[in-house]
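Data block below; observations after.
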Amino acid sequence: MAKEIRTRFAPSPTGDLHVGNIRTALFDWAYARHTGGKLIFRIEDTDRERVTDEYISRAIETMKWLGLQWDEGPEVGGDHGPYLQSQRLPIYTEWAERFIAQGDAYKCYCTPDELEARREKQREQNQAPGYDGACRTLSSETIAAFESEGRKPAIRMRMPEGETRFTDLIRGEVTFEHRFVPDFVLMRGDGSPLYTLAVAVDDVLMKVTHILRGEDLLSSTPRQIRVYQAMGIAPEDFPAFAHLPFVMGEDNAKLSKRNGEVSIAWYREEGFLPEAICNYLALLGWSPGDDRENITMAELVDLFTVERVNSSPARFDMKKLEAINGDKIRALSIEEFLARALPFLLKENVITGTESELALVRRALPIIQERIARMKDVVPMLKFFFVDQVQIESESKAKIAEEPAMHVLQRTLLALEPLQEWTHAAIEAALRAVLIDEMGLKPRLAFGPVRIAVTGSHISPPLFESMELLGKESSIARIRAVVSSAQ
Ligand code: GLU
Ligand code: ZN
């Protein structure tokens with residue numbers, strides 16, 4: 001029977017998850033789902049000064065919101081837990097001590113000052129920087145002397161001479177010469193484990209078979225492989241590595257806070273739908289095999305293979321993400337659209353949530369669905385429906401003061417007042433007859449002032465539909481208010 005595929009997403013939440021993290025999580029998720037395997041969600045929180053409980057719960061919440069459900073990890077448990085590294089500290093200590101006993105690791109008594117002084121020397125002599133192996137072969141007298149001084153030793157892994165070679169599923173064969181991989185610290189003098197020890201021990205103990213992660217971690221791979229060896233794992237049982245290409249910002253620099261790497265929480269507040277974020281991030285470094293850009297989560301699962309991941313960097317493109325978000329918004333049923341719009345409308349106090357408000361929102365949503373790229377836009381689009389008095393935006397104020405705006409509004413009142421049937425078609429026909437046919441105005445000059453009077457802005461959902469929904473009384477009252485305030 002083929003071995004079960006087990007991938008993992010292992011963030012160190014020192015802040016909210018961002019685009020880079022989520023792209024990694026998505027690919028691990030898609031690979032696990034595509035192969036019928038398992039996704040492990042592990043929190044790498046050994047640095048409890050930077051990784052807080054708050055960030056951990058937000059990371060969990062973000063994964064849920066995106067629909068990236070995991071098979072083992074926080075909240076769901078599993079046979080290989082705990083899944084928070086801070087709860088696994090004795091395991092790391094035990095392995096580090098075993099490595100010392102086996103001769104794979106040794107105690108290093110060097111102080112930070114001593115290490116720095118030697119690094120300085122290396123720099124002066126143009127040597128490759130890194131630990132020089134000073135404590136590899138200390139005599140028992142020296143050790144005793146250091147111990148009596150009260151020095152707390154770190155534990156260092158011994159890197160043998162030679163090289164580490166492995167086949168990355170995306171980058172092909174990768175070789176690291178060990179002269180560039182100095183003996184590295186597994187555990188600090190205070191007994192806290194380093195990333196390399198914890199990550200490698202956990203990947204082995206959690207039976208991870210495939211590690212898909214960002215390319216920034218490529219250089220840590222030879223050290224992780226060294227830990228697998230020390231754990232007695234046979235090379236054919238090492239997890240396979242697939243290092244995902246960097247995500248570049250729109251300025252072609254590596255994505256960072258400066259050029260777009262904002263947290264997923266921000267995208268959520270702006271009203272990007274989780275399925276749009278996943279769809280867009282799937283295309284960052286991966287391709288479905290043709291040039292389609294709108295894919296569902298099911299299609300992603302169906303088509304996801306590591307072979308289709310590109311090894312060259314991907315470029316983050318906000319316009320494309322917005323276009324995809326717009327597509328996903330248009331694909332929603334009105335009930336789904338309503339459910340997603342409500343939190344924005346309630347939060348911004350556009351509505352309080354009464355039955356009659358909901359009924360009006362439900363009727364108004366179809367006329368704005370084609371027009372918004374972010375869910376947040378429902379607020380400016382729908383706000384005017386729910387105010388007693390329209391506040392005219394400052395930009396629009398000047399427009400309505402121009403000729404022939406007042407004249408247009410007076411004629412509009414005369415045309416609308418006798419109207420029996422209050423439908424968008426009837427409203428449009430009545431206004432076209434006077435403003436365009438009789439007065440000979442261009443549509444912008446004709447309908448612009450009406451739009452501003454009714455909605456408060458020169459940008460709004462379709463005017464006649466809006467007036468129909470608003471009702472005759474309210475529409476006329478709004479126009480009248482502008483006319484009389486000018487008199
Ligand atoms: N915890 C590491 C980080 O957030 C990633 C671990 C890994 O994927 O190997 O950078
Ligand atoms: Zn040392």
Side-chain angles (χ1 to χ4, degrees), residues 260 262 265-274 276-277 318-354 356-402 405 409 424 427-428 443-444 446-471 474-479 481-482 485:
V262 284
W266 179 83
Y267 290 92
R268 186 176 180 172
E269 279 161 28
E270 284 294 302
F272 287 95
L273 303 178
I277 295 176
M318 187 56 119
K319 289 252 162 359
K320 196 154 149 187
L321 170 57
E322 272 192 332
I324 290 175
N325 201 48
D327 286 344
K328 301 286 183 194
I329 290 174
R330 286 187 282 282
L332 297 173
S333 70
I334 288 302
E335 283 313 307
E336 286 169 329
F337 190 22
L338 177 67
R340 310 230 196 173
L342 280 182
F344 291 91
L345 296 171
L346 291 168
K347 179 163 174 262
E348 296 299 323
N349 300 315
V350 173
I351 57 171
T352 56
T354 64
S356 64
E357 286 172 332
L358 291 188
L360 181 51
V361 171
R362 199 178 271 111
R363 291 174 66 209
L365 286 177
I367 66 171
I368 66 167
Q369 195 164 14
E370 292 289 324
R371 289 178 162 70
I372 64 171
R374 304 181 183 195
M375 286 303 298
K376 198 173 106 173
D377 298 341
V378 298
V379 170
M381 282 289 198
L382 296 183
K383 211 170 168 174
F384 72 89
F385 280 112
F386 300 97
V387 293
D388 293 331
Q389 260 184 335
V390 190
Q391 294 284 347
I392 297 183
E393 285 177 0
S394 48
E395 259 180 87
S396 308
K397 266 194 185 129
K399 289 194 170 55
I400 209 159
E402 280 166 17
L409 293 180
H424 63 89
I427 299 166
E428 178 168 3
R444 194 182 57 82
F447 304 132
V450 184
R451 184 186 300 278
I452 294 171
V454 171
T455 71
S457 170
H458 56 284
I459 305 162
S460 80
L463 176 62
F464 310 117
E465 277 89 344
S466 299
M467 290 170 78
E468 176 185 328
L469 291 177
L470 205 53
S474 174
S475 302
I476 288 182
R478 289 173 185 209
I479 298 168
V482 175
S485 73

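Since the structure is predicted, the reported quantities are computational estimates derived from the model, not experimental observations.
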To the nearest 0.5 Å, atom NZ of Lys397 lies from atom CD1 of Ile452 at 11.5 Å

pair Leu365-Leu382: side-chain heavy atoms closer than 4.5 Å: yes

Rounded to the nearest 0.5 angstrom, the CG-CZ distance for Leu358 and Arg363 is 13.5 Å

What verdict does the side chain to side chain contact (heavy atoms under 4.5 Å, CB included) test give for Val482 and Ile392, after you've listed the backbone C-alpha separation in whole Å, the side-chain angles of each residue and the deciding distance to 0.1 Å? CA-CA 9 Å; Val482 175; Ile392 297 183; 3.9 Å; yes

Heavy-atom side-chain contact between Tyr267 and Leu321 under 4.5 Å: yes

Tell me every residue that passes side-chain contact (heavy atoms from CB on, under 4.5 Å) with Ala265, counting only those two or more places apart in sequence or in another chain. Asp16, Ser263

Are Leu409 and Val450 close enough that some pair of their side-chain heavy atoms sits under 4.5 Å apart? yes

Sorted by chain and number, sequence neighbours left out, ring-ring contact (aromatic ring centres under 6.0 Å, His included) with Phe344 holds for none

Sequence neighbours excluded, which residues qualify as salt bridge (Lys or Arg N to Asp or Glu O under 4.0 Å) partners of Glu428? Arg432

Results of salt bridge (Lys or Arg N to Asp or Glu O under 4.0 Å) for Glu465 - residues two or more places apart only: none

Would you compute the distance between atom CE of Met467 and atom CZ of Arg478 and round it to the nearest 0.5 angstrom? 10.5 Å

Check the surroundings of atom NZ in Lys328: do more than 12 heavy atoms from other residues, nucleotides or ligands lie under 6.0 Å from it? yes

Less than 3.5 Å apart, which donor and acceptor atoms pair up between the side chains of residues 366-375 and the rest of the protein, not counting sequence neighbours?
| residue | atom | partner | partner atom | Å |
| --- | --- | --- | --- | --- |
| Gln369 | NE2 | Ile329 | O | 2.9 |
| Gln369 | NE2 | Leu332 | O | 2.9 |
| Arg371 | NH1 | Ile367 | O | 3.3 |
| Arg374 | NE | Glu322 | OE2 | 2.6 |
| Arg374 | NH1 | Glu270 | OE1 | 2.5 |
| Arg374 | NH2 | Glu322 | OE2 | 2.7 |

Quick one: side-chain contact (heavy atoms from CB on, under 4.5 Å) partners of Ser356, sequence neighbours excluded? Thr354

Rounded to the nearest 0.5 angstrom, the CZ-CG distance for Phe386 and Leu360 is 4.0 Å

What residues form a side chain to side chain donor-acceptor pair (under 3.5 Å) with Gln389, not counting sequence neighbours? none

Is a side-chain donor or acceptor of Asn325 paired with a backbone partner of Leu273 at a separation under 3.5 angstrom? yes

Residues that Thr352 engages under side chain to side chain donor-acceptor pair (under 3.5 Å), provided they are two or more places apart: Glu357

Heavy atoms, side chains only, cut-off 4.5 Å: are Ile351 and Leu342 in contact? yes

Just to verify, what does Arg444 make a side chain to side chain donor-acceptor pair (under 3.5 Å) with, not counting sequence neighbours? none

Sorted by chain and residue number, the side-chain contact (heavy atoms from CB on, under 4.5 Å) partners of Pro443 (sequence neighbours excluded) come out as Ile436, Phe447

Ile476: side-chain contact (heavy atoms from CB on, under 4.5 Å) partners, not counting sequence neighbours: Leu413, Leu416, Glu417, Lys472, Arg480

So, Thr455 side chain and Phe384 main chain: donor-acceptor pair closer than 3.5 Å or not? no

Test side chain to side chain contact (heavy atoms under 4.5 Å, CB included) on Lys376 and Glu269 and set out the steps. CA-CA 7 Å; Lys376 198 173 106 173; Glu269 279 161 28; over 6 Å; no

Separation between OG (Ser485) and CD1 (Ile400), nearest 0.5 Å, reads 8.0 Å

Sequence neighbours left out, what pairs pass salt bridge (charged side-chain N to carboxylate O under 4.0 Å, His left out) with at least one residue falling in residues 334-354? Glu275-Arg340, Glu335-Arg362

Show the nearest heavy-atom pair for residues Lys399 and Ala405, with the distance to one decimal. O-CB, 4.2 Å

Quick one: CE on Met381 to OG on Ser466, what's the gap to the nearest 0.5 Å? 9.0 Å

Looking only at non-hydrogen atoms, find the nearest pair between Gly456 and Ser396 and report the distance. O-OG, 4.0 Å

